[in-house]
Participant: 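Structure provided below as structure tokens; questions to follow.
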Number of protein chains: 2
Amino acid sequence: MVQIPKEPAPPAPLQRSVPTSADVARLAGVSRATVSYVLNNTSAVRISEPTRRRVHEAAKELGYVPHAAARSLRAGHSRMVLMPTPNVPIGPLYSQFINDLQWALSRLDYTVVQYGGVGLRGDEAARAWAELRPVAVIVPGEGLGPQGVAILKRSGARAVVTLSPEPVEGAHVLLLDHGVVGESAGRHLVERGHRRIGVVVPEEPGLGVFSRPRLEGVRRAVRGTEATITELPLAYDEEAAGRLAARWRSLGLDAVFAYNDEYAMLVMRALRDVGVGVPDDTAVVGADDLMLGRLLRPRLSTVHIELPSGRDLAELVDRAVRDPAMVPTTHDVLGARIVHRESS
Amino acid sequence: MVQIPKEPAPPAPLQRSVPTSADVARLAGVSRATVSYVLNNTSAVRISEPTRRRVHEAAKELGYVPHAAARSLRAGHSRMVLMPTPNVPIGPLYSQFINDLQWALSRLDYTVVQYGGVGLRGDEAARAWAELRPVAVIVPGEGLGPQGVAILKRSGARAVVTLSPEPVEGAHVLLLDHGVVGESAGRHLVERGHRRIGVVVPEEPGLGVFSRPRLEGVRRAVRGTEATITELPLAYDEEAAGRLAARWRSLGLDAVFAYNDEYAMLVMRALRDVGVGVPDDTAVVGADDLMLGRLLRPRLSTVHIELPSGRDLAELVDRAVRDPAMVPTTHDVLGARIVHRESS
DNA sequence: TTGAAAGCGCTACCAT
DNA sequence: ATGGTAGCGCTTTCAA
């Protein structure tokens, strides 16, 4: 651990207080109203060029920066889109999505803010978000109930969107049903003649949100076939994988859906190390279509996931903000398709 | 691309306006002052139990949530710590660090907010942040100059901390000099007798912040030895790696520092595919000590990186906030040590 | 073209 | 124990 040294604090000069528009007005020799007109380019009012210049100079000289809270208090609304930061570790796929979303919302002139509420949950969290009076809230993942939605709306949020595994009353829901991921994998394995299918279920807490539906998806895919499913709880480390591999023959599986590409790499490695052939003895399928899958040998079969584009979501938010009468709906937005390579 | 359908907007009921403390006061039959005392548990004032109850009930019935902007406007300060979201894709290492930091700051009763300013740069960005009047600003990476620091401080930020590759006047700087990473790798390779060392430099824009110092670090490590450095620009895809591998023999290198573990995997795979032996023909060293390095065969030698703990940084921020007189200093906080496995 | 002033929601001082 | 009220920084009528 790298320590940040603690230093003794020598005395220092007092900080000048923060300049306000009144200070600018005083320095420019005009009223606060005029300052506001000039700095906001208010078109309904004509201000003479010399005055404009004086105001701008005064503002620059003082290092004036408007006070967002005061402004939105006065205006009665803000353009802040609040998005709680997920407290689960997220992959590159999701990061990219969030990035696109932020970019698109910025283009639409919203201020995007990720709120790091760690300990809070449920309505308590919703209340904390509501205190900031965001014009819209985008909640990734579960955890927001109808109550929470109500709290947010009562506090002025004109759009509440959740990216959730299940519908939420009152909110615009982008249904991210990971079942389709498992389904793709399961269908693929069944079609290729596999009958004893293992499904890796990560032991990491917080991954259950994804792993449970993926497992259910595989179950759905094999329904009506002779194939059977075996759950394989697994921690993301080599020893755990080694232990799993050691009892592999006794499990009698001919295929495994490894939750995602990273777990797939872990499993493939462990199987290799105990002499289980992939795909001949056991087929392996990952998910997420990460680069690493392409680099493995045999090349990893995987499920490619399509999230909605950040732009689409940004537009949904914008429409909902501009038309609060819009009735919230629930849409399936998770796409999944198998990418067949060499491991299956 | 998954499309989010656009729906026609039917008419809908008007939204009741947001309840304020005045509404609560009216409903409870008390003054706004009393409401404030009750809801904030003001210890300087005694409120009778029946009154408290009435206030709480009224607040709950109305779904009252205090208005953070109004509160901090009145108070003259907030407990918001603002952190611009990095617009470079960040790895698991850094994500973990940010998470820890958020957690630690929450424990200290700060509200952590990641600000998604995409298009802004330099002082423009600083001004946008300053509008929110955060009590502290933590800037990951370069891009904040002394000007920006001044803007933030003039706007009331009591602590400005940057995690930067180089010192910034006026700010508390946690120097993340990635040179030490390259140095560790370089020293290791030289000690093991390698003399013609390639250094992968990712072509991805935005990674230059890291790759340049890492390259310089390797240069530093070989200074005074007979070893030579060859820069190897490389995009993160298989074809590019294949092209690099194809001309590998002609490069005459006996070792390569691959920027990080992911690039190392890419390079190792490409070298393998053209029959270059690792480590016998060419040694490979990665960086970041990701799990995938342990799963490769040969196991990947890598540089383990130690970031400061989130807790330490949170404490630094807290101290700086409580004692604005504290003079800003610059500290090296990036630790690096070689993890020797099988690829070198 | 510019200024005076009200008021957004909240808290803290001073009365009662 | 409770209420009246000023004022945080800003925008926006309304007057001049």
Side-chain angles (χ1 to χ4, degrees), chain A residues 17-55 58-59 62-80 127 130-135 154-156, chain B residues 17-56 58-59 62-80 130-135 154-156:
Chain A
S17 74
V18 183
T20 72
S21 76
D23 296 320
V24 177
R26 203 158 21 241
L27 181 59
V30 299
S31 74
R32 279 152 60 229
T34 305
V35 171
S36 178
Y37 293 142
V38 171
L39 297 183
N40 295 313
N41 271 314
T42 308
S43 52
V45 170
R46 294 258 152 273
I47 303 286
S48 70
E49 205 43 56
T51 306
R52 305 185 79 84
R53 206 177 17 252
R54 286 219 313 286
V55 169
L62 293 176
Y64 170 72
V65 174
H67 192 307
R71 185 193 302 237
S72 69
L73 183 58
R74 165 68 219 221
H77 61 90
S78 74
R79 300 215 23 110
M80 186 201 305
R127 225 166 335 251
E131 290 194 3
L132 298 185
R133 296 290 190 276
V135 68
R154 293 185 81 79
S155 301
Chain B
S17 75
V18 183
T20 72
S21 75
D23 296 321
V24 177
R26 203 154 24 238
L27 181 58
V30 299
S31 73
R32 277 148 62 230
T34 305
V35 171
S36 176
Y37 293 143
V38 170
L39 297 183
N40 296 311
N41 271 314
T42 309
S43 51
V45 171
R46 294 259 151 272
I47 302 286
S48 70
E49 205 43 54
T51 305
R52 305 184 81 84
R53 206 178 15 255
R54 285 219 313 287
V55 170
H56 276 124
L62 293 176
Y64 170 72
V65 175
H67 192 307
R71 181 189 303 221
S72 69
L73 183 58
R74 166 67 221 226
H77 64 261
S78 74
R79 298 211 28 105
M80 186 201 304
E131 289 193 2
L132 297 185
R133 297 290 192 272
V135 68
R154 291 186 83 80
S155 301

Participant: Output yes when at least one side-chain N/O atom of A:Ser48 is less than 4.0 Å from OP1 or OP2 of C:dT2, else no.
Facilitator: yes
Participant: Would you say C:dC10 has OP1 or OP2 under 4.0 Å from some side-chain N or O of B:Ser21?
Facilitator: yes
Participant: Can you tell me how far the OG atom of B:Ser78 sits from the CG atom of B:Leu73, to the nearest 0.5 Å?
Facilitator: 11.5 Å
Participant: Could you give the distance from OG (A:Ser36) to CD1 (A:Ile47), rounded to the nearest 0.5 Å?
Facilitator: 9.5 Å
Participant: Tell me which nucleotide among C:dC13, C:dC10, D:dT11 gets nearest to the side chain of A:Arg32.
Facilitator: D:dT11
Participant: Among the candidates D:dC10, C:dG3, C:dC14, find the nucleotide nearest to the side-chain atoms of A:Tyr37.
Facilitator: C:dG3
Participant: Let's see if you can work this out: which of C:dT1, C:dT11, D:dT2 has an atom nearest to the side-chain heavy atoms of B:Val45?
Facilitator: D:dT2
Participant: Does OP1 or OP2 of D:dT2 have a side-chain N or O of B:Thr51 closer than 4.0 Å?
Facilitator: yes
Participant: Picking from D:dG3, C:dT1, D:dG9, which would you name as closest to the side chain of A:His67?
Facilitator: D:dG9
Participant: Take the protein atom CZ of A:Arg26 and the nucleotide atom C1' of C:dA4, then report the distance between them rounded to whole Å.
Facilitator: 16 Å
Participant: To the nearest 0.5 Å, what is the distance between CE (B:Met80) and CG (A:Leu132)?
Facilitator: 6.5 Å
Participant: Can you measure A:Tyr64 atom OH to D:dT11 atom C1' for me and round it to whole angstrom units?
Facilitator: 10 Å
Participant: Using atom NE2 of A:His77 as one end and atom C1' of D:dC10 as the other, report the distance to the nearest whole Å.
Facilitator: 13 Å
Participant: Could you say whether B:Arg133 or B:Ile47 is positioned toward the 5' end of DNA chain D, judged by the nucleotide with the nearest heavy atom to each?
Facilitator: B:Ile47
Participant: If you check every side-chain atom of A:Thr34, which of C:dG3, C:dC10, D:dA1 has the closest atom?
Facilitator: C:dG3
Participant: First locate atom OG1 of A:Thr34, then atom CZ of A:Arg52, and finally report the distance between them rounded to the nearest 0.5 Å.
Facilitator: 11.0 Å
Participant: Between B:Val65 and A:Arg52, which is nearer to the 5' end of DNA chain C once each is assigned its nearest nucleotide?
Facilitator: A:Arg52
Participant: Would you mind reading off the distance between A:Asn41 atom CG and D:dT11 atom P, rounded to a whole angstrom?
Facilitator: 12 Å
Participant: Expressed as a whole number of angstroms, how long is the span from A:Arg154:CZ to C:dG9:C1'?
Facilitator: 17 Å
Participant: Examine C:dG9: is either OP1 or OP2 under 4.0 Å from a nitrogen or oxygen in the side chain of B:Thr20? Give yes or no.
Facilitator: no
Participant: So how far is it from A:Arg133 CZ to A:His77 NE2, rounded to the nearest 0.5 Å?
Facilitator: 14.0 Å
Participant: Distance check needed: C:dG9 C1' versus A:Glu131 CD, whole Å only.
Facilitator: 13 Å
Participant: Between atom CZ in B:Arg54 and atom P in D:dT2, what is the gap in whole Å?
Facilitator: 8 Å
Participant: For A:Leu73 and D:dT12, give me the distance from atom CG to atom C1', rounded to whole Å.
Facilitator: 14 Å
Participant: Please state whether the phosphate of C:dT11, meaning OP1 or OP2, lies under 4.0 angstrom from any side-chain nitrogen or oxygen of B:Arg71.
Facilitator: yes
